[in-house]
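Just below is one structure, and these are the notes that go with it.
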Amino acid sequence: MITDAAALAAALFAQKLARRPPSPRASYGYARAEVLAAFINALVMLLIVAAIVFEAVQRLARPQPVAGGLLLAIATAGLGVNIAAAWTLARAQSSLNLRAALLHVVGDLLGSVAAIVAGLVIIATGWMPIDPLLSIAISLLILRSTWRLLRQTSAVLMEGVPAHLDYAEIGRELSRLPGVSSVHDLHVWQMGSDDVALSAHVALGEARDWPRTLGAAQRMLRERFGITHVTLQPDWAVSAPAGRKVIPVRSRE
């Protein structure tokens with residue numbers, strides 16, 4: 001519960017920090033603070049899962065007496081609190097940061113359900129292994145979501161192409177714009193949980209085509225891919241510098 005409280009506090013702090021405007025020291029702003037908080041919370045969740053599994057295995061090897069009635073009462077109270085917290089977070093605007101906080105709460109919620117089931121089984125049958133077995137099962141369920149969140153946050157921090165976007169398709173659509181000879185130095189990355197940025201060099205046949213091409217590119221990227229932070233540099237040389245990938249113009253069918 002202490003780690004969950006710390007995770008929620010970190011998520012809240014990161015959310016407030018992310019709302020700060022850009023500054024001379026942070027020209028992009030602080031949106032990535034939410035991603036960093038989510039990454040840290042995911043790492044903490046992995047450690048918690050590992051600790052629970054380790055303790056459960058220890059209890060399977062050396063069974064410990066469990067007070068079924070007390071377990072049932074505490075788990076029921078915890079379930080009510082976790083349902084309220086999960087409902088509050090689920091209604092908030094979605095982001096990687098809030099998903100990480102929700103993951104902690106859902107982990108507790110599932111743990112409370114498992115504890116209630118274990119308490120009922122122990123009261124009815126006295127079978128103690130049910131408690132560690134359910135702990136392992138819940139930990140494996142949480143592990144999948146935690147690992148997925150860790151991969152997503154790592155991709156953002158490494159400035160990878162967002163998973164919902166196709167890098168090659170973006171390049172092809174840019175290269176198909178009127179007046180474009182080729183596209184090179186294309187980069188697509190996430191500045192925060194939802195903000196996607198793009199930069200590229202666009203080779204043109206005629207310099208006078210640039211204003212029309214720029215407007216068409218911005219409109220296409222916004223409407224088709226949801227990218228609004230766009231930086232495009234016009235080039236009037238058809239060939240790209242050595243070593244740089246060129247996306248040529250594709251014929252229109």
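All residue numbers refer to positions in the sequence shown, counting from 1. Heavy-atom basis, side chains included; hydrogens, waters and symmetry copies ignored.
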For side chain to side chain contact (heavy atoms under 4.5 Å, CB included), just list the numbers for Asp185 and Gln233, CA-CA rounded to whole Å, side-chain angles, deciding distance to a tenth of an Å, and then say yes or no.
CA-CA 10 Å; Asp185 280 358; Gln233 177 175 319; over 6 Å; no
- Task: Take Phe225 and Val230 through the side chain to side chain contact (heavy atoms under 4.5 Å, CB included) test and state the conclusion after the steps.
- Result: CA-CA 12 Å; Phe225 300 102; Val230 177; over 6 Å; no
* To do: Tell me, with the steps shown, if Asn97 and Leu36 meet side chain to side chain contact (heavy atoms under 4.5 Å, CB included).
  => CA-CA 8 Å; Asn97 183 38; Leu36 183 59; over 6 Å; no
Could you walk me through whether Ile136 and Leu60 satisfy the side chain to side chain contact (heavy atoms under 4.5 Å, CB included) test, starting with their C-alpha distance in whole Å, then the side-chain angles of each, then the deciding distance to 0.1 Å, before giving a yes or no?
CA-CA 11 Å; Ile136 293 174; Leu60 284 174; 4.0 Å; yes
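Residue Leu96 comes nearest to Ala38 through the heavy atom pair O-CB, 3.3 Å, listed as atom of the first residue, atom of the second, then distance. Of all non-hydrogen atoms in Asp209 and Gly179, the two that sit nearest each other are OD2-CA, 4.1 Å. Closest of all the heavy-atom pairs between Glu34 and Ala14 is CG-O, 3.7 Å. Across all non-hydrogen atoms, the minimal contact from Val105 to Ala85 is CG1-CB, 3.8 Å. Between Leu17 and Ala33, the closest heavy-atom pair is CD2-CB, 3.6 Å. Residues Ala200 and Val183 approach most closely at CB-CG1, 4.1 Å, considering heavy atoms.
For the atom pair OG1 (Thr153) and CE (Met158), the distance works out to 12.0 Å, reported to the nearest 0.5 Å. To the nearest 0.5 Å, the span separating CD on Gln190 from NE2 on His164 amounts to 6.5 Å. Atom-to-atom distance recorded for Ile227:CD1 and Leu165:CG is 5.0 Å, nearest 0.5 angstrom. In this structure, CD1 on Ile116 lies 4.5 Å from CG on Leu79, to the nearest 0.5 angstrom. Going from atom CG of Leu8 over to atom NE2 of His104 covers 8.0 Å, rounded to the nearest 0.5 Å. Interatomic distance, CG of Leu204 versus OG of Ser181, reported as 6.5 Å (0.5 Å rounding).
The closest side-chain heavy-atom distance from Met220 to Leu174 is below 4.5 Å. Using a 4.5 Å heavy-atom threshold, the side chains of Trp127 and Leu133 count as touching. Side-chain contact between Leu102 and Leu98: absent, with no pair of heavy atoms (C-beta onward) separated by less than 4.5 Å. Inter-residue side-chain proximity for Met128 and Ile122 is flagged as met; some heavy-atom pair is nearer than 4.5 Å. Using a 4.5 Å heavy-atom cutoff, the side chains of Ser135 and Asp131 are in contact. Taking the side chain as every heavy atom from C-beta outward, Val106 and Asn82 never approach each other to under 4.5 Å. Inter-residue side-chain proximity for Leu103 and Asn41 is flagged as unmet; no heavy-atom pair is nearer than 4.5 Å. Taking the side chain as every heavy atom from C-beta outward, Leu150 and Met45 never approach each other to under 4.5 Å.
The salt bridge (Lys or Arg N to Asp or Glu O under 4.0 Å) check on Arg148 picks up nothing, with sequence neighbours excluded. Every residue two or more places apart in sequence or in another chain that forms a salt bridge (Lys or Arg N to Asp or Glu O under 4.0 Å) with Glu206 is listed here: Arg208. For Arg144, the salt bridge (Lys or Arg N to Asp or Glu O under 4.0 Å) criterion is met by no residue, not counting sequence neighbours.
A chain of hydrophobic side-chain contacts below 4.5 Å, direct or via other Ile, Leu, Val, Met, Phe, Trp or Tyr residues, connects Leu157 to Leu46. Cluster membership check: Phe54 does not share its hydrophobic cluster with Ile48, using side-chain heavy-atom separations under 4.5 Å among Ile, Leu, Val, Met, Phe, Trp and Tyr. Put simply, Ile74 and Ile52 are part of two different groups of oily side chains (I, L, V, M, F, W, Y) that touch within less than 4.5 Å, one to the next. Tracing side-chain contacts under 4.5 Å through hydrophobic residues (I, L, V, M, F, W, Y), one reaches Leu140 starting from Val49; they form part of the same cluster. In the hydrophobic clustering of this structure, Val35 does not group with Phe13; members are Ile, Leu, Val, Met, Phe, Trp, Tyr whose side-chain heavy atoms approach within less than 4.5 Å, directly or through other members.
For residues 214-223, the set of pairs meeting the salt bridge (charged side-chain N to carboxylate O under 4.0 Å, His left out) definition, not counting sequence neighbours, is empty. Applying the salt bridge (charged side-chain N to carboxylate O under 4.0 Å, His left out) rule to pairs touching residues 11-30 yields nothing, sequence neighbours excluded.
Of the possible polar contacts, one joining the Thr213 side chain to the Pro178 backbone as a donor-acceptor pair under 3.5 Å is found.
Chaining together hydrophobic side chains whose heavy atoms lie under 4.5 Å apart places Trp189 alongside Tyr28, Met191.
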